[in-house]
Amino acid sequence: MLIRHAPDLTENDVTPKDIYVRRREIMAAGIGFGLGLAGTAAQAAQVTGKLSARRTFWTNETPTDLEAVTGYNNFYEFGTDKLEPVKYASALTTRPWTVKLDGDCAKPQTVDIETLLKGALEERIYRLRCVEGWSMVIPWIGIPLAEVIKRAEPLSKAKYVAFETALRPKEMRGVSDRILQWPYVEGLRMDEAMNPLALLAVGLYGDLLPNQNGAPIRLVVPWKYGFKSIKSIVRISFTTREPPTSWNRYAPREYGFYSNVNPQVDHPRWSQASERRIGEFKRRPTLMFNGYADNVAHLYAGMDLKKYY
Amino acid sequence: MKAKRGFTPDIALICGLCLLPVLWLVWRFFQNDLGVNPIETVVRQLGVWGLRLLVLGLALTPLARLLRQGWLIRWRRPIGLFAFGYVTLHLLSYVVIDQYFDWAQIWSDILKRPYITFGMAAFVLLIQLALTSFNAAIRRLGGVGWRNLHRLIYVIVPLGALHYFLLVKADKTMPMVYAAIIAVLLGWRVWEWARKKV
């Protein structure tokens with residue numbers, strides 16, 4: 001991306017904020033994932049608010065305003081307009097809440113959300129890139145997905161992880177519209193799910209997740225378009241075959257199983273080359289894997305990303 | 001009844017009403033009330049008002065006929081011109097505030113994105129109608145020539161609706177509502193035409 005624009009830019013413009021920011025992330029990733037989490041004092045900043053968590057991964061980009069993060073959501077179970085979830089998601093009962101782990105695993109089980117909340121929580125400041133062409137920076141709080149997966153001891157034949165959102169017609173006014181097939185389902189390949197970046201978020205901005213953001217527990221896979229980060233999860237299953245995913249079912253040509261952020265592969269109806277960061281005026285170039293190439297590009301080595309979009 | 005001419009009170013009222021949506025947007029801008037994604041709000045609102053006024057313009061002839069109120073026809077020009085105004089602002093907002101003069105991206109959008117291709121085609125056709133919406137132009141073209149040129153609206157409005165339909169991600173309800181209304185309004189014309197032919 002930078003190469004394409006380089007001739008137009010002055011030295012000042014080129015001082016690449018993206019790369020500067022990513023360098024910090026890469027360092028954080030090295031510390032967090034390579035050297036072990038304990039004892040890295042700089043990362044041990046406690047997040048104030050209801051949840052205490054250790055900050056393990058971040059970008060220095062300015063987080064998007066809380067009001068925008070919690071007021072502009074795609075959560076079709078509560079309506080297709082992005083202003084609807086904040087109005088109607090309060091109807092969702094989030095306690096008691098359990099997540100069922102099942103499928104090809106040695107220890108199928110049901111995990112209570114309270115158990116997860118009592119564990120060690122981490123804060124991760126990630127970019128979120130929506131397939132519609134806008135993006136945010138969100139300070140999530142959660143548990144690495146890998147930790148939850150390990151509880152169930154998936155069998156070696158389990159190659160995929162399937163996720164399912166709660167389906168509560170009485171609480172979700174949007175599910176009477178059969179726009180998508182309910183319940184909402186998503187999936188990852190096992191190695192994607194085990195990647196350290198994949199997070200099960202239970203909070204944001206230091207507090208419990210608001211309902212419209214997918215309370216009480218939702219996936220966050222920051223190198224993929226936002227719709228992969230399934231909300232209000234009730235079930236995680238291990239499968240040998242690629243599980244169905246909601247948007248792919250709706251329009252297979254437009255939304256692939258992988259749906260990695262990729263500025264070179266356009267949505268059939270619109271360009272993915274740039275994005276509008278909420279709160280900013282000018283569009284900014286979209287980065288490969290949403291800027292997380294150093295963390296995840298190896299997962300797709302040798303794959304034709306135009307074919308596996 | 002003698003035909004009314006010029007800028008009569010009813011025309012002034014129509015112009016005032018047509019200005020309200022854009023004034024409302026300006027008001028919301030100064031109140032900081034355009035939402036989380038203000039640029040999207042502005043582009044979409046200008047576009048949807050352009051389409052609404054185009055559809056309204058298309059409805060005037062059938063309405064005038066069915067209600068036997070011929071004077072309604074005089075509203076077509078201000079409504080049509082305001083529709084052109086909103087569509088122009090819609091396009092300008094896309095070029096200036098959405099893409100910020102990224103001509104390479106805009107050009108590739110026009111070529112590659114069907115919804116933008118159709119939208120641009122509708123705009124280019126609409127320019128000709130706007131430029132000939134003056135008495136002098138009608139005189140120059142002659143009544144028949146002018147009428148034939150302005151039948152382009154039967155192509156422009158469906159193109160506008162198609163533009164809308166294709167850009168919506170999943171919930172096609174509103175685009176379908178517009179499509180249905182347009183189908184009725186154009187269907188009425190076909191029916192009239194067939195009836196007169198017999």
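These numbers come from the heavy atoms of this one structure, side chains and all, not from hydrogens, waters or symmetry mates. Lettering of chains follows the sequences in order, A, B, ..., and the numbering in each one begins at 1.
- Cation-pi geometry between B:K169 and A:W270 is not satisfied (NZ or CZ under 6.0 Å from the ring centre, within 45° of the ring normal).
- Here CG of B:D102 is found 9.0 Å from OG of A:S271. Values are rounded to the nearest 0.5 Å.
- The one candidate from B:V168, B:D171, B:T173 that meets the side-chain contact (heavy atoms from CB on, under 4.5 Å) condition with A:T80 is B:D171.
- More than 12 heavy atoms of other residues, nucleotides or ligands lie within 6.0 Å of CZ in B:R189, so this atom counts as buried by the packing criterion.
- In this structure, CD on B:Q105 lies 5.5 Å from OG on A:S274, to the nearest 0.5 angstrom.
- More than 12 heavy atoms of other residues, nucleotides or ligands lie within 6.0 Å of OH in B:Y154, so this atom counts as buried by the packing criterion.
- Only the backbone of B:L167 comes within less than 4.5 Å of a heavy atom in chain A; its side chain stays farther off.
- Counting non-hydrogen atoms of other residues, nucleotides and ligands closer than 6.0 Å to CG of B:N32 gives a total of 12 or fewer.
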Give the C-alpha distance, both sets of side-chain angles, the deciding distance and a yes or no for side-chain contact (heavy atoms from CB on, under 4.5 Å) between B:R113 and A:D266. CA-CA 10 Å; B:R113 316 288 157 212; A:D266 286 337; 2.6 Å; yes

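- In this structure, B:M176 places its CE atom where only 12 or fewer heavy-atom neighbours from other residues, nucleotides or ligands lie under 6.0 Å away.
- With a 6.0 Å radius and a threshold of 12 heavy atoms from other residues, nucleotides or ligands, B:R68 has its CZ atom at or below the threshold.
- For A:W134, the part lying under 4.5 angstrom from a heavy atom of chain B is the side chain only.
- Contacts of A:F281 with chain B are made by both backbone and side-chain atoms, with heavy-atom separations under 4.5 Å.
- Around the CD atom of B:Q31, the shell of radius 6.0 Å holds more than 12 heavy atoms that belong to other residues, nucleotides or ligands.
- Put simply, the side chain of B:N37 does not reach to within 4.5 Å of the side chain of A:K82, judged on heavy atoms.
- Nearest heavy atom pair, residue B:A170 against residue A:Y76, reads CB-CE2, 3.9 Å.
- Around atom OH of A:Y308, no more than 12 heavy atoms belonging to other residues, nucleotides or ligands sit under 6.0 Å away.
- Counting all heavy atoms, side chain and backbone alike, B:I39 lies closest to A:R276 at CD1-NE, 3.3 Å.
- Heavy-atom contacts from other residues, nucleotides or ligands closer than 6.0 Å to CZ of B:R147 number 12 or fewer.
- In this structure, chain B has no heavy atom under 4.5 Å from any part of A:D65.
- B:P114 has its side chain out of reach of A:R269: every pair of non-hydrogen atoms, C-beta onward, lies at least 4.5 Å apart.
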